[in-house]
Amino acid sequence: MTRPETGGPAGAPASFGARLHAALADRGQLCAGIDPHAGLLAEWGLPDDVGGLERFAMTAVEAVAGEASVVKPQSAFYERFGSRGVAVLERVVATAREAGALVLLDVKRGDIGSTSQAYADAYLDPASPLAADAITASPYLGFGSLDPMVESARRHCAGVFVLALTSNKEGPEVQHARAVGPEPGAPDGRSVAGVVLDHLRALNAGAQPLGSFGAVVGATIGETTEDLAFNGPVLAPGYGAQGGTPADLRRIFGASAHAVLASTSRDLLRHGPDPVALRDAVRRGNEELADALADGADA
């Protein structure tokens, strides 16, 4: 599986950031989550087994991947069916990319050393059947624990979205905590989320038109004093059914809103199993975001 060449120098593959920047301009900022949890399978009249998973996931990806800039499958909902579920996930990834969408595989992996490298090989190396354009990752073993993923992303022109300011109620106890400095116990002054964002800012320094290392920042986090301008993309889960609105995106991200992927799953997938209704929902979502974020840019 090779990555598309859309602007790299001298025939080299373009970076993930460059490909994402082009995709956002071409297809819009809605990120289509394909999360086949049991409740949605039931809403579609499907059994909670691997057959229902396959019908759900393939119907959804075939409907939306030609419209959405990014398709985001949540790996856990496939893994719960074992190897046959993972085989469906492989088909979802391949189908989405064949239709021209970028695939952001939501795995939230985080480990150290050779294990971190194995995760990178599984999800970022084009030789893998699960290779995606980008993954989500957890930095809470220390940002340096993600180095194998970062280096693999650079080598394979892929991307990594790192958890920074998530909207789950448990997040602040870690993300808002104050970091320590190089001396044991010495306060750093920054929040843990701020440290993560500073690492991303360094990784993306000088990248044009957009860096390949993103942050996960919830669309429902409320107010924040963190600097969200780090020359990289943002995955904003919580858009739609969980309460996030275009106004929230303008308020939270300001001048960086153009680099935000507004992620929606439940709000989109409730339009299934009708493929036409699913496609239309992606189009409407992208139009709503384009109008709202353009208004914010002009304000």
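Only heavy atoms go into these numbers, but all of them, side chains included; no hydrogens, no water, no symmetry mates.
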[Y] backbone acceptor or donor facing [X] side chain under 3.5 Å:
| X | Y | answer |
| --- | --- | --- |
| Asp125 | His156 | no |
| Asp248 | Thr245 | yes |
| Arg201 | Asp227 | yes |
| Ser138 | Gly110 | no |
| Asn231 | Asn204 | yes |
| Arg80 | Ser75 | no |
| Ser145 | Gly142 | yes |
| Ser212 | Gly17 | yes |
| Arg91 | Ala57 | no |
| Arg109 | Tyr119 | no |

Kindly write out the residues that satisfy side-chain contact (heavy atoms from CB on, under 4.5 Å) with Ala63, not counting sequence neighbours, or none if the list is empty. Pro275, Leu278, Arg279

For Pro209, check side-chain contact (heavy atoms from CB on, under 4.5 Å) against everything at least two apart and list the hits. Ala18, His21

So, are [X] and [Y] salt-bridged, with charged N and O less than 4.0 Å apart?
| X | Y | result |
| --- | --- | --- |
| Asp133 | Arg97 | yes |
| Arg27 | Glu67 | no |
| Arg154 | Glu151 | yes |
| Arg84 | Glu54 | no |

Under a 3.5 Å threshold, yes or no: a donor from one side chain and an acceptor from the other, between Ser116 and Asp111? no

Could you verify whether a donor N or O on one side chain and an acceptor N or O on the other, from Gln175 and Ser191, lie under 3.5 Å apart? no

Non-hydrogen side-chain atoms of [X] and [Y] separated by less than 4.5 Å:
| X | Y | value |
| --- | --- | --- |
| Phe253 | Val217 | yes |
| Ile34 | Val64 | yes |
| Tyr140 | Val192 | yes |
| Asp106 | Phe161 | no |
| Thr59 | Trp44 | yes |
| Pro246 | Tyr239 | yes |
| Ser69 | Leu30 | no |

Closest non-hydrogen atom pair, [X] against [Y]:
| X | Y | value |
| --- | --- | --- |
| Ala164 | Ala193 | O-CB, 3.4 Å |
| Asp121 | Ser128 | O-CB, 3.5 Å |
| Gly189 | Arg178 | O-NH1, 2.7 Å |
| Ala65 | Ala101 | O-CB, 3.5 Å |
| Gly159 | Ala153 | N-CB, 4.2 Å |
| Val93 | Ala131 | CG1-O, 3.3 Å |

Rounded to the nearest 0.5 Å, what separates atom [atom1] in [X] from atom [atom2] in [Y]?
| X | Y | atom1 | atom2 | result |
| --- | --- | --- | --- | --- |
| Leu293 | Glu288 | CG | CD | 9.5 Å |
| Arg155 | Leu124 | CZ | CG | 9.5 Å |
| Phe81 | Asp49 | CZ | CG | 6.5 Å |
| Gln29 | Leu24 | CD | CG | 5.5 Å |
| Lys108 | Thr166 | NZ | OG1 | 9.0 Å |
| Ile252 | Glu226 | CD1 | CD | 13.0 Å |

Please determine whether residues Leu163 and Leu141 belong to a single hydrophobic cluster, defined as Ile, Leu, Val, Met, Phe, Trp and Tyr linked transitively by side-chain heavy-atom distances below 4.5 Å. no

Determine the sole option in Leu197, Val216, Thr136, Leu146 for which the side chain to side chain contact (heavy atoms under 4.5 Å, CB included) test with Val162 is passed. Leu146

Do Val234 and Leu228 pass the side chain to side chain contact (heavy atoms under 4.5 Å, CB included) test, and can you show the C-alpha distance, the side-chain angles, and the key distance before you say yes or no? CA-CA 9 Å; Val234 175; Leu228 298 176; 5.8 Å; no

CD1 of Ile112: more than 12 outside heavy atoms within 6.0 angstrom? no

Looking at Arg55, I'd like to know if its CZ atom is crowded, meaning that more than 12 non-hydrogen atoms belonging to other residues, nucleotides or ligands lie closer than 6.0 Å. no

List the steps and the verdict of side chain to side chain contact (heavy atoms under 4.5 Å, CB included) for Leu89 and Leu105. CA-CA 10 Å; Leu89 178 58; Leu105 188 54; 3.9 Å; yes

Please list every donor-acceptor pair under 3.5 Å in which a side-chain atom of residues 256-269 meets a protein atom from a residue at least two apart or in another chain.
{"unit_1": "His258", "atom_1": "ND1", "unit_2": "Ala255", "atom_2": "O", "d": "3.0"}
{"unit_1": "Ser265", "atom_1": "OG", "unit_2": "Asp35", "atom_2": "OD2", "d": "3.4"}
{"unit_1": "Asp267", "atom_1": "OD1", "unit_2": "Arg270", "atom_2": "NE", "d": "3.4"}

Verdict with supporting geometry, Leu289 and Leu249, side chain to side chain contact (heavy atoms under 4.5 Å, CB included): CA-CA 9 Å; Leu289 284 164; Leu249 300 183; 3.6 Å; yes

For Val195 and Phe143, run side chain to side chain contact (heavy atoms under 4.5 Å, CB included): C-alpha distance rounded to whole Å, both residues' side-chain angles, the deciding distance at 0.1 Å, then the answer. CA-CA 9 Å; Val195 171; Phe143 200 94; 5.8 Å; no

